[in-house]
Amino acid sequence: MSGDHSHSEDQIDGGSRFNDSHKHKDKYKEKEHKHKDHKKDKEREKSKHGNSNHKDSSDKKHRDKEKEKMKHKDGSTDKYKDKHKEKKMKSIDVKVKKENGFASPPQVKSEPEDGFYHSPKNEKSLKRERDDDNDSEFKPKKIKTENDKKAKKRKQDEDIKPKKTKNKREVTDGKKKAKKEPEEKWKWWEEERYTDGSKWKFLEHKGPVFAPPYEPLPSHVKFYYDGKPMKLSPEAEEVATFFAKMLDHEYTTKDIFRKNFFKDWRKEMTAEEKAKLTDLKKCNFTEMSEYFKAQSEARKAMTKDEKLKIKTENERLLQEYGFCIMDNHRERIANFRIEPPGLFRGRGDHPKMGMLKRRIRPKDIIINCSKDSKHPEPPPGTKWKEVRHDNKVTWLVSWTENIQGSIKYIMLNPSSRIKGEKDWQKYETARRLKKCVDRIRNQYHEDWKSKEMRIRQRAVALYFIDKLALRAGNEKEEGETADTVGCCSLRVEHIKLYPENDGQEYVVEFDFLGKDSIRYYNKVPVEKRVFKNLQLFMENKEPDDDLFDRLNTSVLNKHLQELMDGLTAKVFRTYNASITLQQQLKQLTSADENIPAKILSYNRANRAVAILCNHQRAPPKTFEKSMQNLQTKIDAKRDQLSDAKRELKSAKADAKVRRDEKSKKAVETKKKAVQRIEEQLMKLEVQATDREENKQIALGTSKLNYLDPRISVAWCKKWDIPVEKIYNKTQREKFAWAIDMADEDFEF
DNA sequence: CGTTCGACTTAGCAGGCCGTGT
DNA sequence: ACACGGCCTGCTAAGTCGAACG
């Protein structure tokens with residue numbers, strides 16, 4: 001390989017990093033078998049580069065070489081700065097007292113003295129506590145005493161009130177920012193947090209909602225084998241319907257999918273079925289498939305009444321099972337329905353696609369709740385696998401899934417206290433990184449020159465994580481999952497080095513499949529020293545060898561932990577995402593623009609982050625069409641505008657002649673009309689731009705997971721933009737803490 | 001020490017809900 | 001009132017990372 005990498009065509013397309021990853025799958029497929037045994041590779045690598053002696057000598061050689069070339073370098077390139085231009089770079093005393101000198105006053109938190117509150121026994125403090133205490137903006141303290149009162153009161157009368165009814169007004173009067181927060185909303189962020197590692201003191205819930213039982217097909221819907229109708233046993237039939245439902249999907253044509261499916265299907269068959277059904281190709285599911293399509297049509301065609309009935313029933317289920325009581329508050333559960341059985345479809349080229357995801361029964365279920373709560377009842381005649389009372393975890397229900405053998409959980413909604421606190425804490429950690437990132441960057445620049453290979457590798461990897469916002473890249477078990485990588489698991493075949501490319505020096509081309517098999521493609525100029533190191537790391541390796549053979553995520557994170565308390569690889573993503581948003585907003589927002597234009601700016605800032613984090617999406621199927629529609633609207637609006645202008649002109653002329661009040665008024669009216677239309681036109685145009693730029697970029701992920709909401713809230717307040725323009729209802733619920741506490745001066 | 005497990009966050013997509021424009 | 005399409009929500013897979021394990 002090497003020479004002709006098969007990407008030329010990709011590069012053409014506008015230098016875009018965005019390509020349909022799935023289209024490229026085949027390329028990766030070939031490679032797949034090649035790098036079959038990683039562990040071995042790694043070992044081999046190690047011995048290749050030997051320990052001490054070999055390594056040292058080769059390192060040294062390079063070191064010397066680099067030294068001379070290194071001169072002009074080092075000052076991080078402008079490019080780099082561009083990307084990370086922080087405003088406050090000056091701090092010379094990067095060192096500072098910082099991230100450990102927490103003065104955390106482990107104050108005695110007053111524990112409400114009633115029934116289910118028992119005092120924490122082990123008072124080991126949590127990271128989170130340190131974060132907080134350490135952070136100036138973050139002061140639950142003063143509120144403390146007050147909180148205690150509240151806490152007590154909370155516990156007795158308890159606001160276990162049924163859902164939120166209000167809200168409505170807040171939307172309607174949108175503009176004048178919700179003057180009165182409905183006081184029923186619990187502001188957990190003004191209260192103390194647990195310091196003893198417990199996640200709750202009291203937890204009560206109704207358990208999960210199971211998937212509805214299988215309903216056998218009506219007898220007129222037939223399955224055919226080898227052209228002949230065949231009645232299947234209910235078990236086999238159910239699995240057959242899973243396949244039938246996916247029939248128009250491309251993956252039912254894939255070998256692996258079919259093979260996995262057939263194998264698992266046979267396990268559900270009776271002996272006779274098993275004997276008879278030996279070839280998937282002879283199976284005809286089309287009648288079943290048609291039947292399901294008809295069903296779904298029928299569902300769409302239901303009357304209002306029927307739909308309403310379903311809706312009501314769903315609401316009932318939600319009210320009954322969708323909430324729990326945690327520490328005296330009624331909190332929304334994220335996923336209270338157990339995943340129904342079906343055929344597993346992993347993302348990308350997944351070796352297990354098509355396998356049967358089995359039905360979860362009560363005896364698979366572990367319930368977690370407090371001892372003194374009313375325990376959820378298993379369905380009649382069944383038993384839970386276990387009921388436990390572990391308040392060191394946040395989940396309510398768990399079970400083990402059969403495809404990967406991993407554990408699945410039922411947990412709370414993002415709007416819950418328990419998720420919110422964690423989220424808040426995450427951003428506080430990122431803000432602490434901001435305080436010492438210069439120091440850390442200096443350090444890894446230094447480490448590029450280390451005589452130890454492992455340190456250089458660590459330093460280069462960290463540089464990628466920082467500069468490119470790559471994920472950490474844990475190793476994965478081969479054959480269990482799609483072949484995807486992150487930073488630490490990059491292989492030689494995933495990068496190409498160009499001493500010079502398009503007039504730039506030391507360019508690295510990345511091309512690999514990351515999480516969810518989304519392709520990461522990027523060409524970046526790097527510091528010379530990085531480049532040289534990469535050459536060194538790649539020496540004598542095969543394409544499927546690990547690029548960083550002396551590094552893994554655990555080593556890296558251990559190192560990071562030493563640099564800053566709570567620092568891990570993913571904190572860099574959070575930090576860089578948030579700081580980028582803040583900078584971009586500062587840079588792109590202009591005071592004199594109207595609201596739609598400002599929102600475009602916001603979206604562009606958001607987009608910059610999404611691009612940084614490589615958050616892609618498939619272009620919406622209806623993209624072209626909707627673009628066209630929009631264009632049509634714009635054209636119409638243009639016509640309307642010129643009409644209005646013409647009218648204005650004639651009205652003016654008229655007024656000039658007549659000089660009476662009435663015609664003057666008419667002019668004013670027309671003027672207003674023109675203005676209004678201009679505004680509308682502009683709004684449409686902005687919308688078009690926004691949409692076009694957003695074609696294959698997904699903003700949601702960064703908005704939800706990487707951008708400190710307080711930055712957005714502050715921006716809204718500063719420019720008098722209603723938060724509703726930025727966050728929809730769900731998002732506002734999730735970020736209620738930020739909306740409540742950030743003012744326009746908030747600085748990330 | 002490396003490996004596995006457990007808990008929790010991050011991710012894109014399908015499908016349907018709902019608001020908009022006619 | 002209705003059709004259309006955009007966006008929201010639910011879903012669940014796929015990551016990260018620390019701790020337990022052997």
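- Distance from the side chain of A/Met411 is smallest for B/dT9 among the nucleotides B/dG6, B/dT9, B/dG12.
- The ring pair (Phe, Tyr, Trp, His ring centres under 6.0 Å) test with A/Trp395 is passed by exactly one of A/Phe336, A/Trp200, A/Tyr409: A/Tyr409.
- No contact: A/Pro414 has no heavy atom under 4.0 Å from any strand.
- For A/Lys199 and B/dC8, the shortest distance from a side-chain N or O to OP1 or OP2 is below 4.0 Å.
- The side chain of A/Ile407 lies closest to B/dG6 when the candidates are B/dG6, B/dC8, B/dA11.
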Query raised in the report: Which is it for A/Glu679 and A/Arg676 under the salt bridge (Lys or Arg N to Asp or Glu O under 4.0 Å) test, yes or no, and what are the steps along the way?
Result: CA-CA 5 Å; A/Glu679 213 157 276; A/Arg676 203 185 55 235; over 6 Å; no
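- Minimum atom distance to the side chain of A/Asn728 is reached by C/dC8, of the listed C/dC8, C/dT12, C/dA14.
- In summary, A/Glu297 and A/Lys293 do not engage in a salt bridge, as defined by a charged side-chain N under 4.0 Å from a carboxylate O.
- Salt bridge present: A/Glu733 and A/Lys729 bring a charged side-chain N and a carboxylate O closer than 4.0 Å.
- Between the side chains of A/Ser702 and A/Asn606, at least one donor-acceptor pair of N or O atoms lies under 3.5 Å.
- One can find a donor-acceptor pair under 3.5 Å joining the base of B/dT10 and the side-chain atoms of A/Lys515.
- With B/dA11, B/dG16, B/dC8 as the candidates, the nucleotide lying closest to the side chain of A/Trp395 is B/dC8.
- Note on A/Lys426: every side-chain N or O is 4.0 Å or more away from OP1 and OP2 of B/dT9.
- For A/Lys419, taking side-chain heavy atoms from C-beta onward, the closest of the listed nucleotides C/dA13, B/dC8, C/dA14 is B/dC8.
- Nucleic acid contact class of A/Thr730 (heavy atoms, under 4.0 Å, all strands): sugar-phosphate only.
- Note on A/Lys476: a side-chain N or O is less than 4.0 Å away from OP1 or OP2 of C/dG15.
- Side-chain proximity of A/Thr568 to the nucleotides C/dT12, C/dC17, B/dA11 is greatest for C/dC17.
- Heavy-atom nearest nucleotides on DNA chain C were determined for A/Asn413 and for A/Lys357, and the one closer to the 5' end corresponds to A/Asn413.
- In the set C/dG18, C/dT12, B/dT10, C/dG18 carries the atom at the smallest distance from any side-chain atom of A/Gln561.
- Distances from the side chain of A/Lys570 to the nucleotides B/dC8, B/dC18, B/dT9 place B/dT9 closest.
- When distances are taken from the side chain of A/Ala569 to each of C/dC17, B/dA11, C/dA13, the shortest belongs to C/dC17.
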